[in-house]
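Input: a single structure, listed below in structure tokens.
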Amino acid sequence: MRLFDHPEFDGHERVLFGHDAASGLKAIIAIHDSTRGPAVGGCRLWNYEREADALTDVLRLSRGMSYKSALANLPFGGGKSVILGAPGIKSPALFRAMGRLVDSLGGHYRAAEDVGISVEDVEIMGEVTPHVAGTRAGGFGDPSPATARGVFMGLKAAANARLGRDDLTGLRVAVQGVGNVGYHLCRLLHGAGAKLLVTDINQEAVRRCVEEFSAEAVALDAIYDQEVDIYAPCALGATINDDTLPRLKARIVAGSANNQLAEERHGEALRQAGILYAPDYAINAGGIIVIAHETRPGGPVYDEMLAMRTVDGIYDTLLAIFERAEQDGVATSLAADRVAKDRLAPPLSAAAQ
Ligand code: NAD
């Protein structure tokens with residue numbers, strides 16, 4: 001298994017492999033970049049087929065967190081951790097062992113929930129280390145409404161850039177997935193006068209949006225074919241692919257789902273098709289923003305006003321990405337990486353020292 005010349009290594013600052021025989025813990029913590037502050041990122045429990053897959057996953061996710069935090073202007077770096085194993089290995093002893101591993105980094109990394117890890121699991125880690133985030137003691141609870149608010153702001157920025165209007169009245173928006181984030185997004189869009197078309201495998205979730213927001217229900221696969229201004233993917237990843245892209249009639253893609261592009265090249269394909277793409281890790285940062293505010297070093301535990309102001313900053317971040325894409329003549333997905341990398345660079349004064 002390669003590390004320093006691993007394709008996803010990308011100059012990671014630290015990679016820590018941890019093992020605890022008593023609890024069966026096998027874990028990797030990756031810290032990609034701490035220029036902006038201590039690394040914050042989720043801890044994932046996954047039954048990887050090979051250990052090499054776990055390393056690839058943690059490196060890729062940790063770099064993604066650096067970019068996400070930098071784009072959201074948070075004083076945090078990027079990190080991530082993975083615990084290798086099936087859900088059945090979960091135990092308080094395992095999470096205490098993981099907590100001790102996190103603690104050994106002395107605050108350079110703060111762990112939060114991710115796939116396979118619940119709030120309760122993180123709280124057990126919190127029994128042995130203060131370096132956890134996203135716990136109930138933090139004061140904000142479910143991050144989904146904040147994520148939806150950020151997506152709403154990003155969607156307005158996209159409407160401004162592509163349609164020349166901030167006002168969403170009368171715009172048609174196709175929302176794919178009306179779960180935690182999608183539902184709250186529909187609420188905001190309905191309040192702003194948009195016309196909603198929704199789909200979900202959960203018919204109850206669809207019915208709620210039809211009743212509460214006068215949304216039109218659409219069949220699962222038909223969501224790509226709708227005559228809409230905006231397509232908002234809020235369910236799965238990889239829904240922008242060779243099959244769906246030629247079917248889209250929307251002029252904007254802006255939603256909460258992670259990894260919306262099946263492959264990097266689909267960012268350029270959207271540009272060629274004249275569709276403005278709001279890069280996923282920029283527009284869906286509302287959740288990490290509230291988590292970051294919970295853990296602000298030396299600050300109050302949770303300042304809701306400040307957190308929401310930062311979430312609303314997603315509007316300006318997206319405008320900056322769209323401008324950069326225009327200037328450089330590249331896809332917005334690539335422009336987002338470039339803006340994030342600029343924000344990762346040390347301040348001039350620090351670089352001179
Ligand atoms: P969720 O599970 O509450 O909602 C997802 C919804 O999508 C569910 O209602 C589900 O039934 C539906 N769905 C699943 N497959 C579908 C399909 N093929 N077609 C239509 N609908 C389908 O999850 P969530 O927390 O709302 O997150 C939604 C997306 O946003 C995910 O990709 C998630 O990774 C991303 N995201 C969420 C947050 C957050 O704060 N919750 C933050 C950042 C990114």
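Start at 1 and go down the list; that is how both ligands and their atoms are numbered. Since this is a predicted model, take the numbers as computed values, not measurements.
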Worksheet item: Taking atom OG1 of T239 and atom CG of N259, what is their separation to the nearest 0.5 Å?
Response: 10.5 Å

Item to complete: May I ask you to decide whether E268 forms a salt bridge with R265, counting only side-chain N to carboxylate O separations under 4.0 Å?
Response: no

Tabulated below should be the N or O atoms of ligand 1 paired with protein N or O atoms at under 3.5 Å; can you produce that?
{"residue": "ligand 1", "atom": "3 (O)", "partner": "N180", "partner atom": "N", "Å": "2.9"}
{"residue": "ligand 1", "atom": "3 (O)", "partner": "N180", "partner atom": "ND2", "Å": "3.1"}
{"residue": "ligand 1", "atom": "9 (O)", "partner": "D200", "partner atom": "OD1", "Å": "3.3"}
{"residue": "ligand 1", "atom": "9 (O)", "partner": "D200", "partner atom": "OD2", "Å": "2.7"}
{"residue": "ligand 1", "atom": "11 (O)", "partner": "D200", "partner atom": "OD1", "Å": "2.6"}
{"residue": "ligand 1", "atom": "26 (O)", "partner": "N180", "partner atom": "N", "Å": "3.2"}
{"residue": "ligand 1", "atom": "26 (O)", "partner": "V181", "partner atom": "N", "Å": "2.8"}
{"residue": "ligand 1", "atom": "30 (O)", "partner": "S256", "partner atom": "O", "Å": "3.3"}
{"residue": "ligand 1", "atom": "30 (O)", "partner": "S256", "partner atom": "OG", "Å": "2.9"}
{"residue": "ligand 1", "atom": "32 (O)", "partner": "A235", "partner atom": "O", "Å": "2.8"}
{"residue": "ligand 1", "atom": "32 (O)", "partner": "N258", "partner atom": "N", "Å": "3.4"}
{"residue": "ligand 1", "atom": "34 (O)", "partner": "N258", "partner atom": "ND2", "Å": "3.0"}
{"residue": "ligand 1", "atom": "40 (O)", "partner": "T147", "partner atom": "OG1", "Å": "2.7"}
{"residue": "ligand 1", "atom": "41 (N)", "partner": "S144", "partner atom": "OG", "Å": "3.2"}

Worksheet entry | Atom of S214, atom of H190 and distance for their closest heavy-atom approach | OG-CE1, 4.5 Å

Worksheet item: L270 and L276: same hydrophobic cluster, using ILVMFWY side-chain contacts below 4.5 Å?
Response: no

Practice prompt. May I ask you to decide whether E8 forms a salt bridge with R63, counting only side-chain N to carboxylate O separations under 4.0 Å?
Written response: yes

Worksheet entry | R96: partners by side-chain hydrogen bond (donor to acceptor under 3.5 Å, both in side chains), with sequence neighbours left out | E127

